[in-house]
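All chains are named by letter (A, B, ...) in the order of the sequence lines, taking the proteins before the strands, and each is independently numbered beginning at 1.
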Amino acid sequence: MLDIRFIRENAERVQDSALQKGYKDVDIKKLLELNEARRELQQRVDELRTQRNNNAAKMKDGKPEQSLIDEGKQIKIALAEREDYLTNAEREYTDAMNVVPNIIFDDVPIGGEEDSVEIKTWGDKRDTAIDHLDFAVKRDWVDFEAGAKVAGAKFYYLKGDLALLENAIYQFALEFVVKNGFTFMTVPHMVSERIAYGSGFAPKSSTESNEYFIDNENLMLIGTAEAPLTGYHADEIIDEDRLPLLYAGYSPCYRKEAGTYGKFTRGLFRVHQFNKLEMYAFCLPEQSRDIHEKILKFEEQIWQTLGVPYHIINIASGDLGLPAAKKYDLEYWSPVDKKFRELTSCSNCTDFQARNLNIRVRRKDGKVEVLHTLNGTAVSLARSLVAIIENYQNEDGSLTIPEVLRPYMGGRERI
RNA sequence: GGAGAGGUGGCCGAGUUGGUUGAAGGCGCACGACUCGAAAUCGUGUAAGCGAGGAGACUCGCUUCGAGGGUUCGAAUCCCUCCCUCUCCGCCA
């Protein structure tokens, strides 16, 4: 969530950002009124609590007089009533706060998906290729039928060389992020509601969520390692000189992806479960813009090294989620679909997630403030396979292994 | 899953016949003194959130002793539920 003081001082900007992101129900004026009401009730409750405390203090040492006890009872009754009002006011207020999205940066394009701005392209585009699923099935590298039998549609098995290739990409990317200062972590694959909510997943009801929830357990299967990585430092105050903290988390990602069947989501491109290596940063507010660019550079380096053509787009406001202030996507060139398709993305969430989960920094002068968080995909494995099959396939049905992956494939050049 | 013990400030650790205990003491940290400098020593300070006042340094009120609920004039202290940690047993990768 945002800082209420920031909202108060920048009401118009926050309202504009919400609309530009497509959150039409957000009403900042109403929110500020709810906050005002809350504050007034808070003051009245505080007054009564002061009376209660003073009254109790008089009875501290000695036998309580009946008149004081009676007075205390009166206070107690009045207090209980006002505390009820306050509790309700607080609930209304926090409900309203929780739906206010992060503001967007000035350099975010306004509009919907089609308004995202290309800021860079790299590599030579290939003209044609066979669909990755047809290609892989022919080689017996992937089995969606068995996946459907065992777990349902959009579940799959990777087999043989393709499964080995997935592992090779993972090993390559892992080495890359560790070399660049990220601390590697494995993470819980489920998170509690609080962490899910705080990191920006799990909206109000589970029905409209992309996430899987565990019955009767207050747990959610993670859709990305971003969730447990964000929660890692929940409720902590981190000394300034420890920042930035860079982590890389590897995990399976579980997503419902309801209603996304179609030509462009065939095969491994959009599935219910895939593995992903995620970069994550906790940093000082003044560092987050630079680190965002740096994470983007890392993503580019990975795909340049793998030799897959791509472009970078600055995502338009309407496509940003609740927590992001700015987001870049790296989209690879698909010679099958003759267009760029999403491969990785990185977001600057500024203090939005951190405030939800109470993650702060202690400055050298002792001041405490909410820090910033960022996340970016190192490699999303299922999609990486699609990109590589499309861009490295040979006419004889074999697949050339990108050079940097060969050390992880027993030195083989093709499969 | 069963039995028992516990969860207090950045850390360790007092406080459990309810009443100046937001919380002793120690460590750590910051500043100062001493020193050519450092160590040691001594002194002072050292939680966060919300709200009110002030230009500001700050001052005041409220909340927080795992979380939530209850008893009471008053709860870190008593009761209930849940979560977590530790020990033993069971079960296993």
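Phosphate proximity of B:G19 to A:Asn53: absent, as no side-chain N or O sits under 4.0 Å from OP1 or OP2. Residue A:Lys73 has no polar side-chain atom (N or O) positioned under 4.0 Å from OP1 or OP2 of B:U72.
Comparing B:G74, B:G51, B:A48 by their nearest atom to the side chain of A:Ala56 picks out B:G74. Among the nucleotides B:G51, B:U63, B:U72, the one closest to any side-chain atom of A:Arg52 is B:U63. Considering only the side chain of A:Lys76, B:G74 comes nearest among B:C62, B:G51, B:G74. With distances taken from any side-chain atom of A:Arg39 to the nucleotides B:U72, B:A52, B:G19, the minimum falls on B:A52. Of all nucleotides listed (B:G74, B:A47, B:G61), B:A47 comes nearest to the side chain of A:Arg362. Closest to the side chain of A:Arg5, out of B:A52, B:A48, B:C50, is B:C50.
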Acceptor/donor pairs from residues 79-86 of chain A side chains to any protein atom, 3.5 angstrom cut, sequence neighbours excluded:
from    : atom 1 : to      : atom 2 : distance (Å)
A:Glu83 : OE2    : A:Arg49 : NE     : 3.2
A:Glu83 : OE2    : A:Arg49 : NH2    : 2.8

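When heavy atoms are screened at a 4.0 angstrom cut-off, A:Val45 is found touching no nucleic acid atom at all. Residue A:Arg38 is in sugar-phosphate contact alone, with no base atom involved, counting any heavy-atom pair closer than 4.0 Å across all strands shown.
Rounded to whole Å, the distance from CD1 on A:Ile75 to C1' on B:U72 is 14 Å. Between the P atom of B:U63 and the CD atom of A:Glu83 lies a distance of 9 Å, rounded to the nearest Å. Between A:Asp235 atom CG and B:G10 atom P the separation is 12 Å, expressed in whole Å.
Partners of A:Phe155 according to the ring-ring contact (aromatic ring centres under 6.0 Å, His included) rule, which considers only residues two or more places apart in sequence or in another chain, are A:His272.
With respect to A:Arg363 and A:Glu286, a salt bridge is recorded, a charged nitrogen being found less than 4.0 Å from a carboxylate O. A salt bridge links A:Glu36 with A:Arg39; the closest basic N to acidic carboxylate O contact falls under 4.0 Å.
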